[in-house]
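Working notes, beginning with the structure itself.
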Amino acid sequence: MPADSEDVKGKLETLRQAFVNQLPDRIRELEKAWAKLDSEAWNFADFSEFHRGIHALAGSGAMFGCDVLSQRAKLLDNLLKALASDGEPPSKGTKRLIRDGLRSMKEAAAAP
């Protein structure tokens, strides 16, 4: 394999490792954002920001080979899309599903 290919592979692995190293902090920030949404009056702007964070992890997880994390984030992303299109605050059952989705993502992030 040419030296350039090895260099590119090394750089990609460095980027992947940086992504994996940042996962605990990113998940923690999403958990904090959800806790705020769950405890205060419903704020669609804050919800949209939370949703963007989940959506970003779904895509970047796949890009960096964290397939389980990506799949779990995508499931939560789909739930959040439905919630956003509904325009109503989430029910207790939906809130439970969101908490479960975050917990599932956290577990996947711990073993990428």
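The structure displayed is predicted, hence computed values, not measured ones.
For the atom pair NZ (Lys36) and CG (Asn43), the distance works out to 7.0 Å, reported to the nearest 0.5 Å. In this structure, CG on Leu79 lies 6.0 Å from CG on Leu97, to the nearest 0.5 angstrom. Between the NZ atom of Lys74 and the CG atom of Asp67 there is a distance of 14.0 Å, given to the nearest 0.5 Å. Within the model, atoms CG of Leu75 and CG of Leu80 stand 11.0 Å from one another, a figure rounded to the nearest 0.5 Å. Distance NZ/Lys95 to CG/Leu83: 10.0 Å, rounded to 0.5 Å.
Tested against Glu13, the residues Arg16, Lys9, Lys11 include a single side-chain contact (heavy atoms from CB on, under 4.5 Å) partner, Arg16.
Ring orientation note: the planes of Phe44 and Phe47 are tilted relative to one another, at an angle of 30° to 60°. Taking the six-membered ring for Trp and thresholds of 30 and 60 degrees, Trp34 and Phe50 have ring planes inclined between 30 and 60 degrees apart.
Here the closest heavy-atom approach between residue Asp77 and residue His51 is recorded as OD1-NE2, 2.6 Å. Heavy-atom minimum distance, Ser104 versus Arg72: OG-CD, 2.8 Å. Ser70 and Ala58 get closest at one heavy-atom pair: OG-O, 2.5 Å.
Val20 and Leu69 fall within a single hydrophobic cluster, where Ile, Leu, Val, Met, Phe, Trp and Tyr are joined by side-chain heavy atoms under 4.5 Å apart, directly or via other members. Trp42 and Leu76 end up in the same hydrophobic cluster when Ile, Leu, Val, Met, Phe, Trp and Tyr side chains are linked at under 4.5 Å. There is no path of hydrophobic side-chain contacts, each under 4.5 Å, that joins Val68 to Ile27.
Residue-environment remark: NZ (Lys106) stays at or below the threshold of 12 foreign heavy atoms within 6.0 Å. Within a 6.0 Å sphere centred on CZ of Arg99, other residues, nucleotides and ligands contribute more than 12 heavy atoms. For Lys32, the NZ atom counts as loosely surrounded, since its 6.0 Å shell holds 12 or fewer non-hydrogen atoms of other residues, nucleotides or ligands.
Judged purely by distance below 3.5 Å, without hydrogens or angles, the side chains of Gln17 and Asn21 pair a donor atom with an acceptor atom.
Within the 4.5 Å cutoff, no side-chain heavy atoms of Ile98 are placed close to those of Asp38.
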Step by step, would you call Glu29 with Arg26 a salt bridge (charged side-chain N to carboxylate O under 4.0 Å, His left out)?
CA-CA 5 Å; Glu29 288 302 314; Arg26 290 179 76 179; over 6 Å; no
